J.: 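One structure is given below, represented as structure tokens, and several questions about it will come after.
Letters go in sequence order (proteins before strands), and every chain restarts at 1. On a predicted model such as this, the values are computed, not experimentally measured, just so you know.
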Protein chains: 2
Amino acid sequence: MMNKERKIELFKEKCQTKGIKLTPQRLLIYEELINSTEHPTAERIYSSITQKFPTISLDTVHRTLETFCTIGVATMAEGLGNSKRFEGNMDNHHHVHCVQCGMIHDVYDANYDQLLVPPQVSQEFKILKKIVHLEGICRKCQTEYENMD
Amino acid sequence: MMNKERKIELFKEKCQTKGIKLTPQRLLIYEELINSTEHPTAERIYSSITQKFPTISLDTVHRTLETFCTIGVATMAEGLGNSKRFEGNMDNHHHVHCVQCGMIHDVYDANYDQLLVPPQVSQEFKILKKIVHLEGICRKCQTEYENMD
DNA sequence: TTCTTAAATAAGAATAATTCTTATTTAAGT
DNA sequence: ACTTAAATAAGAATTATTCTTATTTAAGAA
């Protein structure tokens, strides 16, 4: 955990080293993001910013958040793409998700099944589901990337 | 793990006990769901079914999958609602998600941080992220439900 | 078996989230 | 100040999901 001024400093350096421009939009979006604890959507950030910066477009917020993930100053909370995914497998299991092709595989692991919910969480939530969510690139997509130069 | 005939039998019983009608659409969707290992979207199931049952509507597939989750014969793979959620917190942490109001809280837990990736997974995937995803109902939403009668 | 009725469905409109296209603007190095 | 590739704004397009309403049907009752 570090203070916000320091994070912003590092953000600016990151833009430098990654060779992307430090625009007022990007700075505002970054500030909004790190000031929020609510894991905001693009739309949510857009509405907050639109007060101070009325000409910004929602598309820019989307693109910018994507860029932030790419350069490693933000992440997208776990999710499985834009569509809901369903399964009829009600056995206790976990998931690994290829962020490239979207494939989800089931993971069976006894250690994962035994995870305990921390007391400070179970005090505040009635927990309905515990799952270990792994994200990565599947072998097939790795190969495709290799051949891509 | 049980065979499909048995699952379908149990599905029919569940419809009975839950008092929902056993329609041809529901049966087809259920069969399609348990025959698939790909954690399909509503759209995906719709296209598979539309061959055998050309008059089915996509909306029915959506509603039906929702119903299946409610009666406990299917689940929606972990996700955080219809919108992407972002965060600037790059420290190692985990999430608990209220499925009612959508709130996400960060969870810090040393045990969660030490999870190992099973070999059969790391052989097939380059893992980029490991997160424990908890789902439940937050205290506030629990209270609101109590007062709802 | 036929009748009844609440539940379920189909169709299409509506809404919501995200991405694309294109013309214009601008950050940042020269 | 000049140049230029990158970034942005605006609006259209696409994709996912939900809503509305009229019709159909499963399943229990007669």
J.: Tell me: CE of B/Met76 to C1' of D/dA16, nearest whole Å?
T.: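 Distance check: B/Met76 CE to D/dA16 C1' gives 13 Å.
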
J.: Judged by modelled atom types alone, do A/Ser57 and A/Thr60 share a side-chain donor-acceptor pair under 3.5 Å?
T.: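 Per modelled atom types, A/Ser57 and A/Thr60 side chains form a pair under 3.5 Å.
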
J.: Look at B/Lys129 together with A/Glu78 and state whether they make a salt bridge at an N to O cut-off of under 4.0 Å.
T.: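 Salt bridge flag = no for A/Glu78 with B/Lys129.
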
J.: How would you label the contact of B/Pro54 with the nucleic acid (heavy atoms, under 4.0 Å): base, sugar-phosphate, or nothing?
T.: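 It contacts nothing in the nucleic acid.
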
J.: Are side-chain heavy atoms of B/Val132 and A/Ile131 found at a separation under 4.5 Å?
T.: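 No - every pair of side-chain heavy atoms lies 4.5 Å or more apart.
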
J.: Tell me, please, which residues at least two apart from B/Arg26 pass salt bridge (charged side-chain N to carboxylate O under 4.0 Å, His left out).
T.: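 So B/Arg26 forms no salt bridge (charged side-chain N to carboxylate O under 4.0 Å, His left out) with any residue.
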
J.: For D/dT17, does OP1 or OP2 lie under 4.0 Å from any side-chain N or O of B/His62?
T.: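 Answer is yes, contact under 4.0 Å.
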
J.: May I ask you to say whether A/Glu9 pairs ionically with A/Lys12, meaning some side-chain N is under 4.0 Å from a carboxylate O?
T.: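 Salt bridge between A/Glu9 and A/Lys12, a charged N being under 4.0 Å from a carboxylate O: no.
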
J.: Please compare B/Asn82 and B/Pro24 by the position of their nearest nucleotide in DNA chain D and report the one closer to 5'.
T.: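 So the residue in question is B/Asn82.
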
J.: List, with names and distances, any nitrogen or oxygen atoms from the protein found under 3.5 Å away from nitrogen or oxygen atoms belonging to nucleotides 27-30 of chain D.
T.:
unit_1 : atom_1 : unit_2  : atom_2 : d
D/dA27 : OP1    : B/Leu22 : N      : 2.6

J.: If you assign each of A/Gln25 and A/Ser83 to its closest nucleotide in DNA chain D, which residue comes earlier from the 5' end?
T.: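 Upstream on the strand: A/Gln25.
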
J.: Categorize A/Glu43 for me: base, sugar-phosphate, or nothing, with a 4.0 angstrom heavy-atom threshold over every strand shown.
T.: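 Nothing, no heavy atom under 4.0 Å.
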
J.: Indicate the ring-plane relationship of A/Phe125 and B/His105, choosing parallel, tilted or perpendicular according to the 30° and 60° boundaries.
T.: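 Aromatic pair A/Phe125/B/His105 classed perpendicular.
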
J.: Tell me who clusters with B/Met2, hydrophobic residues only, linked when side chains sit under 4.5 Å apart either directly or through other members.
T.: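 Hydrophobic cluster check, B/Met2: joined to B/Leu10.
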
J.: Walking along DNA chain C from 5' to 3', note the first and the last nucleotide with an atom under 4.0 Å from a heavy atom of chain B, and give both.
T.: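 Going 5' to 3' along DNA chain C, contacts run C/dA6 to C/dT19.
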
J.: Where each residue is assigned the nucleotide of DNA chain C containing its nearest heavy atom, which of A/Leu58 and B/Phe53 is assigned the position nearer the 5′ end?
T.: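 Of the two residues, B/Phe53 wins.
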
J.: Using atom NZ of B/Lys84 as one end and atom P of D/dT15 as the other, report the distance to the nearest whole Å.
T.: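 Spelled out: NZ on B/Lys84 to P on D/dT15 is 14 Å.
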
J.: Please list, chain by chain and in numerical order, all residues satisfying salt bridge (charged side-chain N to carboxylate O under 4.0 Å, His left out) with B/Asp109, sequence neighbours excluded.
T.: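 For B/Asp109 there are no salt bridge (charged side-chain N to carboxylate O under 4.0 Å, His left out) partners, ignoring immediate neighbours.
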
J.: Mind checking whether A/His93 and A/Tyr108 have parallel, tilted or perpendicular rings, split at 30° and 60°?
T.: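 The arrangement is tilted - the two ring planes meet at 30° to 60°.
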
J.: Say whether, by atom type as modelled, one donor and one acceptor occur between the side chain of A/Arg44 and the main chain of A/His39 under 3.5 angstrom.
T.: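 It does not hold such a pair.
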
J.: Relative to each other, are the rings of B/Tyr30 and B/Phe11 parallel, tilted or perpendicular (30° and 60° limits)?
T.: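 Aromatic pair B/Tyr30/B/Phe11 classed parallel.
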
J.: How sharply is the helix from C/dT1-D/dA30 to C/dT30-D/dA1 bent, taking the axes over five pairs at either end and rounding to 10 degrees?
T.: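 Between the first-five-pair axis and the last-five-pair axis there is 30°.
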
J.: Remember a base hit wins even if backbone is also touched, and classify A/Arg63 as base, sugar-phosphate or nothing at under 4.0 Å, heavy atoms.
T.: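 A/Arg63: base contact, heavy atoms under 4.0 Å.
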
